[in-house]
Amino acid sequence: QTPEMVAYVEANAKHGTYHYTDVPFQHSHYEDGAPGAFEDDIVQTLKQAIAVLQGSTDPKANPHNFTKRQALMLLVHMTGDIHQPLHVGAAYVGKDGKFVVPKTHHEIDTVNIFDSRGGNNFLLDDAKVTAMGAAHIPGDARPVREGVPQALTKPFHSYWDTTVVDYAMRRSSTKTPEQFAQYAIDSNPAVAANSGAPTSWPYQWANDALVQSKVAYANVTPGPFMKQVSKKGETYYTWALEVPQDYPVPSSALARTQLIKGGYNLAAVLTAIWP
């Protein structure tokens, strides 16, 4: 890490939480302070980054004292993150194994209601995922790197971070980000315009991501939970997750839409900051 990176991490102890919020996916809107939302989440981080780039020097608007350089990096990265449905819409599981909607932060107690950690604790059978992809997605899968051990399970969050991006590019007959960007431009997509002040746009993006997270969790069912212990000795729980056999089709279509939407929204906010 560069000295700049080290300084940033030291000054931002909670930087890991800047990438997501955990609003129950059943909700329709992100609200400050509601269950799953928190003061250092992705919506608040984006709002602060935009304010800094607009020239705000108000400490209340920039409690983390982001520099403009840091704010720009955060804006570019987090605008991508907030369009990934599982970075906003979170699943909570009751002790009966069914999805539930916590009404308060305190209800998420790992006794009656469990946090799936953005889908990271939902585990897909990787062999099944590979077979489904081969059956439904055209083109060649990414080559397996030699000498790298292959996991038997794939976290649901990882599936949405990486696997569906590969699927979306294959369905678009593209192999590189540059090719996909040109595909997006050529498709002339209808991306809804943001409204109001740019600092309010992260709320609009989060609300849209909640709509998409309902698609991501449609017909998805967790199995029995399994108690795990981390290397730090902390107890957590995982669930084997079952998805429909054609899941790669709707998930890759949604991923393609969200990738394009994220690019256009990033362009829109940069243009709003620097007309």
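Quick caveat: nothing in here was measured; it's all calculated off a predicted structure. What you see below is based on every heavy atom in this structure, not just the backbone, and it leaves out hydrogens, waters and symmetry mates.
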Colleague: Has Q258 got a side-chain atom pairing as donor or acceptor with P85's backbone, closer than 3.5 angstrom?
Modeller: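 No, because the side chain of Q258 does not come within donor-acceptor range (under 3.5 Å) of the backbone of P85.
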Colleague: Can L124 and K128 be said to form a side-chain contact (heavy atoms from CB on, under 4.5 Å), step by step?
Modeller: CA-CA 8 Å; L124 297 167; K128 285 185 178 180; over 6 Å; no
Colleague: In terms of the angle between their ring planes, are F156 and Y247 parallel, tilted or perpendicular, with boundaries placed at 30° and 60°?
Modeller: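 F156 and Y247: tilted rings.
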Colleague: Search all heavy atoms of P155 against all heavy atoms of L123 and return the closest pair with its distance.
Modeller: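 Reported closest heavy-atom pair: CA-CD2, 4.1 Å.
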Colleague: Shortest non-hydrogen contact from I50 to P198?
Modeller: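 Reported closest heavy-atom pair: CD1-O, 3.5 Å.
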Colleague: With side-chain contact (heavy atoms from CB on, under 4.5 Å) as the criterion, how do W205 and V43 come out once you've worked through the C-alpha distance, each side chain's angles and the decisive distance to 0.1 Å?
Modeller: CA-CA 9 Å; W205 300 340; V43 174; over 6 Å; no
Colleague: Can you tell me if K214 uses its side chain to pair, donor with acceptor, with the backbone of F25 under 3.5 Å?
Modeller: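 Looks like yes, one N/O pair under 3.5 Å.
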Colleague: Heavy-atom distance under 4.5 Å between the side chains of Y203 and D32, does that happen here?
Modeller: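 Yes, close enough: below the 4.5 Å cut-off.
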Colleague: Tell me every residue that passes ring-ring contact (aromatic ring centres under 6.0 Å, His included) with Y92, counting only those two or more places apart in sequence or in another chain.
Modeller: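 Listed in chain order: nothing, the list is empty.
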Colleague: Just by modelled atom types, is the A131 backbone N or O under 3.5 Å from a matching donor or acceptor in the H136 side chain?
Modeller: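 Such a contact is absent between H136 side chain and A131 backbone.
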Colleague: According to ring-ring contact (aromatic ring centres under 6.0 Å, His included), who are the partners of H64, at least two apart in sequence or on a separate chain?
Modeller: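 H64 satisfies ring-ring contact (aromatic ring centres under 6.0 Å, His included) with Y18, F66 once adjacent residues are dropped.
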Colleague: Please name the pair of heavy atoms, one in L86 and one in G119, separated by the smallest distance, quoted to 0.1 Å.
Modeller: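 Taking every non-hydrogen atom into account, CD2-CA, 4.3 Å.
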Colleague: What is the minimum heavy-atom distance between P138 and R170, and which atoms define it?
Modeller: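 Where P138 meets R170 most closely, the heavy atoms are O-NE, 2.9 Å.
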Colleague: Contact between Q179 and K175 at the side-chain level, heavy atoms closer than 4.5 Å - yes or no?
Modeller: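 The answer is yes, as the side chains (C-beta and beyond) meet within the 4.5 Å cut-off.
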Colleague: Could you tell me whether the side chain of L75 reaches within less than 4.5 Å of the side chain of I273, counting heavy atoms only?
Modeller: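 A side-chain contact exists here, since the closest heavy-atom pair is under 4.5 Å.
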Colleague: Under 4.5 Å between side-chain heavy atoms, counting indirect links through other Ile/Leu/Val/Met/Phe/Trp/Tyr residues: same cluster for I137 and V215 or not?
Modeller: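 Yes.
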Colleague: Could you go through the side chain to side chain donor-acceptor pair (under 3.5 Å) check for Q212 and D208 one step at a time?
Modeller: CA-CA 7 Å; Q212 313 314 326; D208 176 73; 3.1 Å; yes
Colleague: Quick one: pull up OG1 in T110 and NZ in K227 and give me the separation to the nearest 0.5 Å.
Modeller: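 Going from the OG1 atom of T110 to the NZ atom of K227 covers 10.0 Å.
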Colleague: Decide yes or no for M169 and T174: does some side-chain heavy atom of the first lie under 4.5 Å from some side-chain heavy atom of the second?
Modeller: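 Answer yes - side chains close enough.
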Colleague: Let me see the working for L270 and L53 under side-chain contact (heavy atoms from CB on, under 4.5 Å), right down to the final yes or no.
Modeller: CA-CA 9 Å; L270 293 174; L53 292 173; 5.5 Å; no
Colleague: Would you check if P35 and K103 make a side-chain contact, meaning some heavy-atom pair closer than 4.5 Å?
Modeller: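 No - every pair of side-chain heavy atoms lies 4.5 Å or more apart.
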Colleague: Could you tell me the separation between the CE atom of M78 and the CG atom of L46, rounded to the nearest 0.5 Å?
Modeller: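 So the CE of M78 and the CG of L46 are separated by 7.0 Å.
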Colleague: Distance check, rounded to the nearest 0.5 Å: S173 atom OG versus F180 atom CZ?
Modeller: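 Between S173 OG and F180 CZ, I get 11.5 Å after rounding to 0.5 Å.
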Colleague: Kindly compute the distance separating CG (D161) from NZ (K154), expressed to the nearest 0.5 Å.
Modeller: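 The distance works out to 10.5 Å.
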Colleague: Around E39, counting heavy atoms of other residues, nucleotides and ligands shown, do more than 12 lie under 6.0 Å from its CD?
Modeller: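 Atom CD in E39 is not packed in, count stays at 12 or less.
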Colleague: In the structure I gave you, are the side-chain heavy atoms of P24 and F99 within less than 4.5 Å of one another anywhere?
Modeller: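 Side-chain contact under 4.5 Å: no.
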Colleague: Please step through side-chain contact (heavy atoms from CB on, under 4.5 Å) for the pair W160 and L254, ending with a clear verdict.
Modeller: CA-CA 10 Å; W160 275 93; L254 178 57; 3.7 Å; yes
Colleague: Got a donor-acceptor contact below 3.5 angstrom from the D109 side chain to the I113 backbone?
Modeller: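 Side chain of D109 to backbone of I113, a donor-acceptor pair under 3.5 Å: yes, one is there.
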Colleague: Are T21 and Y30 packed together at the side-chain level, in the sense that at least one heavy-atom pair is separated by less than 4.5 angstrom?
Modeller: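 Heavy-atom side-chain distance check passes, below 4.5 Å.
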Colleague: Are F38 and Y20 close enough, and set up right, to give a ring pair (Phe, Tyr, Trp, His ring centres under 6.0 Å), and what steps lead you there?
Modeller: CA-CA 10 Å; F38 44 97; Y20 62 91; 5.8 Å; yes
Colleague: Using the test ring-ring contact (aromatic ring centres under 6.0 Å, His included), find all partners of Y264 that sit at least two apart in sequence or belong to another chain.
Modeller: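 For Y264, no residue satisfies ring-ring contact (aromatic ring centres under 6.0 Å, His included) once neighbours in sequence are set aside.
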Colleague: For the residue pair D40 and Q44, confirm or rule out a side-chain donor-acceptor distance under 3.5 Å.
Modeller: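 Note: D40 and Q44 side chains miss the donor-acceptor criterion.
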Colleague: Looking at every heavy atom in both V249 and R171, which two are closest together, and how far apart are they?
Modeller: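 Minimum heavy-atom separation between V249 and R171: O-NH1, 2.8 Å.
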Colleague: Under 4.5 Å between any side-chain heavy atoms of F225 and V93, yes or no?
Modeller: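 Counting from C-beta outward, F225 and V93 never come under 4.5 Å.
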Colleague: With rounding to the nearest 0.5 Å, note down the distance linking OG1 in T199 to CD in Q48.
Modeller: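 Atom-to-atom, T199:OG1 and Q48:CD are 11.0 Å apart.
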Colleague: If I take atom CG from residue L74 and atom OG1 from residue T79, how far apart are they, to the nearest 0.5 angstrom?
Modeller: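 Between L74 CG and T79 OG1, I get 10.0 Å after rounding to 0.5 Å.
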Colleague: Minimum heavy-atom separation for N207 and H29, please, with both atom names.
Modeller: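 The pair with the smallest heavy-atom distance is OD1-CA, 3.2 Å.
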Colleague: Do D81 and H19 get their side chains close enough for a donor-acceptor pair, meaning under 3.5 Å?
Modeller: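 Yes, because at least one side-chain N or O of D81 sits under 3.5 Å from a partner of the opposite role on H19.
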